[in-house]
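I have placed the structure first, in the form of structure tokens, so that the comments after it can refer back to it.
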2 protein chains.
Amino acid sequence: MTRILVVDDDPQILRALRINLRARSYDVDVAPDGAAALRSVVDHPCDLVVLDLGLPDMDGVEVIHGLRGWTDVPIIVLSGRASGEDKVAALDAGADDYVTKPFGVDELLARIRAVTRRLSSGAEGSPVVTIGEHVVDLANREVRSPDSTEVRLTPTEWQLLEILLRNPGKLISQRYLLQQVWGPSYWSETNYLRQYMAQLRHKLEAEPSRPRHLVTEPGMGYRFRP
Amino acid sequence: MTRILVVDDDPQILRALRINLRARSYDVDVAPDGAAALRSVVDHPCDLVVLDLGLPDMDGVEVIHGLRGWTDVPIIVLSGRASGEDKVAALDAGADDYVTKPFGVDELLARIRAVTRRLSSGAEGSPVVTIGEHVVDLANREVRSPDSTEVRLTPTEWQLLEILLRNPGKLISQRYLLQQVWGPSYWSETNYLRQYMAQLRHKLEAEPSRPRHLVTEPGMGYRFRP
DNA sequence: CGGCGTCGTCAAGACGGCGTCAAAATCCCA
DNA sequence: TGGGATTTTGACGCCGTCTTGACGACGCCG
């Protein structure tokens, strides 16, 4: 569960945000001013701070500094001031995002998702696609197999596989594959596709003659079935 | 050096951003449409993408999806449309930030700093890397070997090795290596790479003819395997 | 039931990339 | 200015990949 601290001196906004965030099943803390905010984060760690800059007791940028001194918790700033200087000051102080009032609740929620998404996925490796027993890492151009036998793909095989894997479940026409991999003038050389799909299946499928993930749609094209 | 890809179909904006970013000593790539952007990121890894949503060839959200399918590179979206739905769509597709035109350059730069700050703070590893029997200290430019035989690397060898070691396990394309070490116009001089990879292997690998850590991915590039 | 097209499979030759060696050109410091 | 280290350039052989052709199996349709 993601815990969010909302800092704002306007009870109305505080209430609205709390209701909206709770409805999205976030844990919500609230603080009416900067001092309370700093105290709250100290003895109640949270995953994200939504911070209004217009606080009664201290300047918002000071609050950011106070937090950044010892924690990397993401900070989304709310502000009525739309001037460039204010934004630059807040962002350079350590804020992760800056939203100008009046703002749509949907936008704020989307920005919250954007920040927390990167937070949770930060420690993990690059995105991978599992295909049967093999794990394909498109970014690193690497295939890991369960029995640690090395699987190596040639450049042409990677190109072909990448197109299919980036459109999971979708039917890709032969013409499109040929033109993407070999060039616009090769749209009719279907024998290339037969050749390389066979190679990919031999390297990735458990039973190459009975493909379960790299399937043929006769007369139309090929499809990657996750 | 942080490398930024700017995607926009307006030459004016492209030019302005390139000049401004270069002045802040960023490396800048540019792409005029979505297809060029996707291609650029594939064979030219970058640290941040600044993406205009109004592209001539494809919808901006599709570009985001195309990137997020295999990479976590941060994406800052520029857009003329200020509607909440557009923002939500782009952010939920995987964008990290959304800036509405017209925007101040200072604000964009601050947002770039905010995104890259979080990026670089997490990725810093220890400056020493062990490669087989040798211990490489990138910060001090020093190689320690077990039998105390001195290993000296030339400046060019250091540059090449540093790029590979800073991306452990990751495939680095020949184009990228050549452009980083020798300059943008040397992207096709693969004989340099062959020459210097051979030298590095002779100095660092136990069996230079059977490399275990500085491996070749035929037709694609090289990889440092820890 | 028979013809036709598509797909999977195999094999062999062409081609290009890679490692290697060698030597010329250049740089750098004494 | 000289000499050693470093970089640049050229050439060659090997090996893996790509290309190309051919053949049989299968399903579809008349």
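By convention in this document, chain letters (A, B, ...) are assigned in the order of the sequence lines, proteins followed by strands, and residues within each chain are numbered from 1.
- A heavy-atom distance below 4.5 Å is found between the side chains of A/Val77 and A/Ile64.
- Inter-residue side-chain proximity for A/Leu48 and A/Ile76 is flagged as met; some heavy-atom pair is nearer than 4.5 Å.
- D/dG30: Watson-Crick or G-U partner is C/dC1, with both key distances under 3.5 Å.
- With respect to the salt-bridge test (charged N to carboxylate O, under 4.0 angstrom), the residues B/Arg68 and B/Asp96 qualify.
- Here A/Arg201 does not pair with A/Glu207 in a salt bridge; the nearest charged N to carboxylate O distance is not below 4.0 Å.
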Problem - ring-ring contact (aromatic ring centres under 6.0 Å, His included) between B/Tyr196 and B/Trp158, worked out - result: CA-CA 10 Å; B/Tyr196 276 89; B/Trp158 275 113; over 10 Å; no

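- Looking at B/Arg223 and B/Ile172, their side chains never come closer than 4.5 Å, going by heavy atoms from C-beta outward.
- The stretch residues 187-216 of chain B touches DNA chain C through B/Arg194, B/Gln195, B/Arg201, B/Ser209, B/Thr216, each having a heavy atom under 4.0 angstrom from the strand.
- Taking a 4.0 Å limit (strictly below) on heavy-atom distances, residues 151-179 of chain A reaches DNA chain D at A/Thr154, A/Pro155, A/Thr156.
- Under the 4.0 Å criterion applied to side-chain N and carboxylate O atoms, A/Lys87 and B/Asp106 are not assigned as salt-bridge partners.
- Using a 4.5 Å heavy-atom threshold, the side chains of B/Met197 and B/Leu164 count as touching.
- Using a 4.0 Å heavy-atom cutoff across all strands shown, B/Tyr186 reaches no nucleic acid atom at all.
- Within a 6.0 Å radius of CZ in B/Arg15, other residues, nucleotides and ligands contribute 12 heavy atoms or fewer.
- Whole-Å rounding puts the A/Trp182 CH2 to D/dT20 P distance at 11 Å.
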Handout entry: Heavy-atom protein contacts under 4.0 Å, nucleotides 24-30 of chain C, coded B base, S sugar-phosphate only, - none
Key = -------

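- Annotation for B/Arg141: atom CZ counts as buried by contact number, over 12 foreign heavy atoms lying within 6.0 Å.
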